[in-house]
Amino acid sequence: MNNLRETSLEYTPWPSNFVARYKSAKLWQESILGELLKPHLNKNKLAIIDDHIGWTYQELERNSDLLASTFLKMGLGQGDKVVVHLPNCCALFELLFALFKIGASPIMALPTHRYGEISYFCEFTQAKAYIGSAQLNEQVNDSVLNQLIDNKLIKFGYTFDFNENFISLNHELKSQTDDLELLNKVKVVPSNIALFQLSGGTTGVPKLIPRTHYDYLYSVIGSNKICNINQNSVYLAVLPVCHNFPMSSPGALGVFAAGGTLVLSNSGAPDNAFSLIEQYKVTISALVPPLAITWLSAFETRKNEKNCPDISSLQVLQVGGAKFSFEAAKRVEPILGCTLQQVFGMAEGLVNYTRLNDDVETILSTQGRPISEFDEIKILDDDDNLVLQGEIGHLLTRGPYTIRGYYKAAEHNLKAFTSDGFYRTGDLVRENENGYLIVEGRAKDQINKGGEKVAAEELENYLLSHSSVFDAAVVAMPDEYLGERICAFVIAKTQLCSPLKSIDLNKFLRSKQLAQFKYPDRFEIVKSFPKTKFGKVDKKALRIQISEKLNKLSAQLSQSSIAEKG
Ligand code: OOB
């Protein structure tokens, strides 16, 4: 087991004057995530519901205590890393609370991640355990676990199924015990890493984001105040709940902090979601823009039907993760009858919200303002000078819940953070006269596929490892539904026996076992790339090139369909 001293060296700490400032302003409390359920234990209140079961606060607390004790007996504890790879289910929270309580840090993998990403997380963090679920996809998860074991990447590995018989991870580990003695001796301090979020990334490999109990709890409590989360709140999570948005903004943890109820589902499909809203009288949910648009269209159609579900309990719909267009934002209140809240956040920290009582114009046309008056914002030009009020520039931020450095990434941190600790978000924004941010674009080399982030460099590296590829450049191409999709421009090596085909590249990438959303939606095999005056690949020109080509193709398509009809 690692000791606390080692654990604390794994992240760039806030300088002591900032620690003092955040503590004296009572932003950072002497509390840990593992204690979040405690104030609500005597209310016999339902804390969490999934497709199979529901647990009260007491049950969730008890199950996670037992699991925590089991882990301690197995030799898992303070400072250990555990890769958590589960769908939205009650057992996920049983697991997370167990890990928080013993001072081990979960790495919050997404259900869509595959062996390619998971093996990297295990290796890079020297994780002791991997916990997946057969329910995610039997073959996939079994094979992830088997490969991790074959390659000796972890000490403990579990996949578990859950249905009426297997509802609790604790059951699966088959070590139910009332002996909480070991657990009672564990002392977890709030400056420790509570969990690792994953960065959407711009580099060859995903970066890990160490979030401490101090900073994460503060962001949750701050979010609760803004979003009016209280014991009557019923939050429906249909996005993968390990992502920072549904986990902490204010998300699942916000609901637990306030004593509300969390409803978990693995499907955001409108019919499923609307019936859950009706059944559990859901008051708030969080979506990415494409899903929000799907809900809007579906409800607009169903509204006048006789058996239209009653979603009148829904007070707030949060939309974030990617830019929500003004046109779509305008439809939320009239169609769904609830308040829209735009959320512009990042797993590294800073989260901006429109406020529930903001005027309509602000709600529809801005991405909100920061949680805290202690969040510092700078908007800079390309030479790191402040832009004039209202002008577009690079967003930098520093504050009580924004990390000071990625985990074990000293070199990258020098670029991603300024010497005085500001994080370079890579987003292009402007600030209106009321301090609200409007996201205008992105300077980072990333594709945002409807909220799912793909680092161009990660895909380029994989493509470059193909024996027939000479060079690769991955860019975003416009998409009506997702906002962006992925286009990979590839130059083949000369003197190949047979021409390089998209299908070969596709097959090759799939052999790397990556998350489905990372696979390019289109390949363009070209002879050369346009270059900037500094000799770098001109990605802007490539983006224009593919966007013009798609426009032409769709014009041709609509002409031929008119001709056919005629
Ligand atoms: C959230 O977190 P990440 O880490 O997956 O992605 C962060 C990036 C931002 O830097 C920005 O580029 C983009 O996603 N983004 C938005 C946005 N919200 C996030 N771009 C435009 N408009 C928005 N509303 O995506 C995240 C974390 C916490 C709360 C909400 C979202």
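Atoms within a ligand are numbered from 1 in the order they appear, just like the ligands themselves.
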### Task
May I ask which of Gly349, Ala322, Ala286 has a heavy atom nearer to atom 23 (C) of ligand 1 than the others do?
Ala322
### Query
Got a donor-acceptor contact below 3.5 angstrom from the Gln197 side chain to the Cys242 backbone?
yes
### Query
Just heavy atoms, cut-off under 4.0 Å: does Ser249 contact ligand 1 by side chain, backbone, both, or neither?
side chain
### Message
Using the ring centroid of each side chain, check whether Tyr22 and Tyr214 are separated by less than 6.0 Å.
### Response
no
### Query
Between the main-chain N or O of Pro400 and the side-chain N or O of Asp215, is there a donor-acceptor pair closer than 3.5 Å?
no
### Query
Picking from Tyr436, Phe344, Phe324, Tyr353, what satisfies side chain to side chain contact (heavy atoms under 4.5 Å, CB included) with Gln367?
Phe344
#### Entry: Any N/O pair Arg442/ligand 1 closer than 3.5 Å
no
### Query
Is the shortest distance from a heavy atom of Gly200 to ligand 1 less than 4.0 Å?
no
### Query
Does the N or O separation between Phe324 and ligand 1 drop below 3.5 Å for any pair?
no
### Task
Run down the list Lys323, Lys453, His243 and name the one with the heavy atom closest to atom 6 (O) of ligand 1.
Lys453
### Query
Can you list the ligand 1 atoms lying under 4.0 Å from a non-hydrogen atom of Val439?
21 (C), 22 (N)
### Query
Are any non-hydrogen side-chain atoms of Lys444 and Asp427 less than 4.5 angstrom apart?
yes
### Query
Can Lys444 be said to touch ligand 1, with heavy atoms closer than 4.0 Å?
yes
### Message
Can you name the atoms of ligand 1, numbered from 1 with element, that are less than 4.0 Å from a heavy atom of Ala347?
### Response
2 (O), 3 (P), 4 (O)
### Query
Counting only N and O atoms by type, is there a donor-acceptor contact under 3.5 Å from the side chain of Gln342 to the main-chain atoms of Gly368?
no
### Message
Counting only heavy atoms, tell me which of Ser199, Gly321, Gly426 gets closest to atom 13 (C) of ligand 1.
### Response
Gly321
### Atom NZ of Lys540: over 12 foreign heavy atoms under 6.0 Å
no
### Task
Can you label the angle between the Phe97 ring and the Phe100 ring as parallel, tilted or perpendicular, going by 30° and 60°?
perpendicular
### Message
Using a plain distance cutoff, I'd like to know if Gly320 has any nitrogen or oxygen under 3.5 Å from a nitrogen or oxygen of ligand 1.
### Response
no
### Message
One residue to check: Val343. Relative to ligand 1, which of side chain, backbone, both or neither has a non-hydrogen atom less than 4.0 Å away?
### Response
both
